[in-house]
Amino acid sequence: MINSIWNKTIPAGGKWSGTIGKGKLVKFTALGKGANLSTIMYHANQLTERYNMPDTLKAQHTSHLTKGHVLMSDNGRVLTSIVEDSLGWHDSISGYTSRKETDEKYGITTYQELRNNWLRSGEENFAVELVRNGLGVRDLVPVLNLFSKVFCDENGDMHYVEDHCQEGATVTLRTEMDTLFIFSNTPNPLDPRNEYPSVPIQIEVFDAEPVKDDDVCVNFRPENRRAFENTWEYHTLLSDSKSVVLK
């Protein structure tokens, strides 16, 4: 990757939504320790199709996501693939922060009092960006928390790992379909710190190379290949030959 075709930095508490076309690399960089970027994905050309957390985890026999994994839609297709990852673990199970828990944990703040320095929650950020894209809160689905590590012990209790993300950590997604992304740079709900994290996230978009038959994400599991085949079939029927895997 040499020069990005687009880049943006999302500040702590910030949000962003937009469509990134298929065949792109989306690189995320944590500009500090303890970052968390809550992420939702939808098929940009058919918003009723969206990231399906249960199918994604079940098909790949995992509870967290890293390089080689794909993020499947509820139509059995691949929205994005994780092609690079310096951390090896991204949280898929702990959700996003609410207004109530943000107030209880960090103290009550209001926009009227602090303007852009008030402490936002994932719940509110997602609600605003969903409406901007013709959706609503009923379209909220389980999120992927990039840069966070959460695991379950033998009793089923969930634990957040505080020192998991260091400054400069990166993860790169490859878009396999035109994808509407919604991002909320708000704390992981299990983060035990009592101070609202202030870690900007840099996002860069690059052109991706065509997917090859020996691709790590395609071959990670048989279920991955079937999901890719569903995706290639979709694009082939739209007369988009660029999406067909190279032999």
Side-chain angles (χ1 to χ4, degrees), residues 1-42 44 51 65-67 71 79-92 94-97 102 106 109 111 114-133 143-149 160 162-175 178-189 191 193 195-208:
M1 294 183 292
I2 302 176
N3 296 315
S4 63
I5 61 175
W6 179 86
N7 66 81
K8 185 178 185 64
T9 298
I10 303 180
K15 57 188 178 356
W16 182 85
S17 65
T19 295
I20 299 177
K22 69 180 181 66
K24 304 298 182 186
L25 297 175
V26 188
K27 181 180 180 181
F28 304 87
T29 303
L31 301 183
K33 297 191 298 183
N36 183 79
L37 186 68
S38 297
T39 307
I40 307 179
M41 283 156 282
Y42 302 81
Y51 167 60
L65 297 173
T66 185
K67 181 178 178 178
L71 282 76
L79 288 171
T80 64
S81 304
I82 304 178
V83 295
E84 295 294 341
D85 180 18
S86 71
L87 288 173
W89 190 302
H90 299 271
D91 164 44
S92 64
S94 66
Y96 49 86
T97 53
T102 300
Y106 305 111
T109 61
Y111 174 78
L114 298 176
R115 293 296 188 260
N116 288 333
N117 290 324
W118 75 295
L119 304 183
R120 298 167 175 84
S121 71
E123 177 182 46
E124 291 159 320
N125 279 353
F126 285 131
V128 170
E129 295 303 317
L130 285 166
V131 170
R132 285 179 173 171
N133 289 280
V143 304
L144 170 63
N145 285 313
L146 295 174
F147 301 109
S148 287
K149 181 175 182 178
Y160 175 89
E162 291 191 57
D163 297 326
H164 177 61
C165 176
Q166 298 298 312
E167 182 177 358
T170 63
V171 57
T172 302
L173 305 182
R174 183 181 62 211
T175 54
D178 295 343
T179 303
L180 169 63
F181 288 92
I182 301 182
F183 301 126
S184 178
N185 187 1
T186 42
N188 187 290
D191 188 334
R193 290 175 290 180
E195 291 187 5
Y196 193 92
S198 181
V199 183
I201 304 290
Q202 183 185 50
I203 304 174
E204 300 170 277
V205 176
F206 304 84
D207 287 318

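Each residue takes its place number in the sequence, starting with 1.
Contact check for Asn116 versus Tyr111: side-chain heavy atoms found under the 4.5 Å cut-off. Using a 4.5 Å heavy-atom cutoff, the side chains of Asn188 and Phe147 are not in contact. At a threshold of 4.5 Å between non-hydrogen side-chain atoms, the residues Ile10 and Ile203 count as touching. With contacts defined as side-chain heavy-atom distances shorter than 4.5 Å, the pair Pro187/Asn36 does not qualify.
With sequence neighbours excluded, no residue forms a side chain to side chain donor-acceptor pair (under 3.5 Å) with Thr97. Every residue two or more places apart in sequence or in another chain was checked for a side chain to side chain donor-acceptor pair (under 3.5 Å) with Lys15, and none qualifies. The salt bridge (Lys or Arg N to Asp or Glu O under 4.0 Å) search around Lys149 returns none, not counting sequence neighbours. For Asp85, the side chain to side chain donor-acceptor pair (under 3.5 Å) criterion is met by Thr66, His90, not counting sequence neighbours. By the side chain to side chain contact (heavy atoms under 4.5 Å, CB included) test, Arg193 pairs with Tyr160, Glu162, Asp191, Pro197, sequence neighbours left out. By the ring pair (Phe, Tyr, Trp, His ring centres under 6.0 Å) test, Phe126 is found to be paired with Tyr96, residues two or more places apart in sequence or in another chain being considered. Residues satisfying the side chain to side chain contact (heavy atoms under 4.5 Å, CB included) test with Asp163, not counting sequence neighbours, are Gln166. Taking Thr186 as the reference, Ser184 meet the side chain to side chain donor-acceptor pair (under 3.5 Å) condition, with sequence neighbours excluded. Applying the ring pair (Phe, Tyr, Trp, His ring centres under 6.0 Å) criterion to Phe181, with sequence neighbours excluded, gives Phe183. Considering only residues two or more places apart in sequence or on other chains, Gln202 meets the side chain to side chain contact (heavy atoms under 4.5 Å, CB included) condition with Thr9, Thr29, Leu31, Glu204. Residues passing the side chain to side chain contact (heavy atoms under 4.5 Å, CB included) test with Ala208, sequence neighbours excluded: Leu25, Arg174. Applying the salt bridge (Lys or Arg N to Asp or Glu O under 4.0 Å) criterion to Glu124, with sequence neighbours excluded, gives Arg99.
Once rounded to the nearest 0.5 Å, the distance linking CG of Leu130 with CD1 of Ile40 reads 5.5 Å.
The heavy-atom pair separating Thr175 from Gly21 by the smallest distance is OG1-O, 2.7 Å. Contact between Ser94 and Pro189 at its shortest, heavy atoms only, is O-CG, 3.1 Å. Of all non-hydrogen atoms in Asn133 and Ser17, the two that sit nearest each other are ND2-OG, 3.0 Å.
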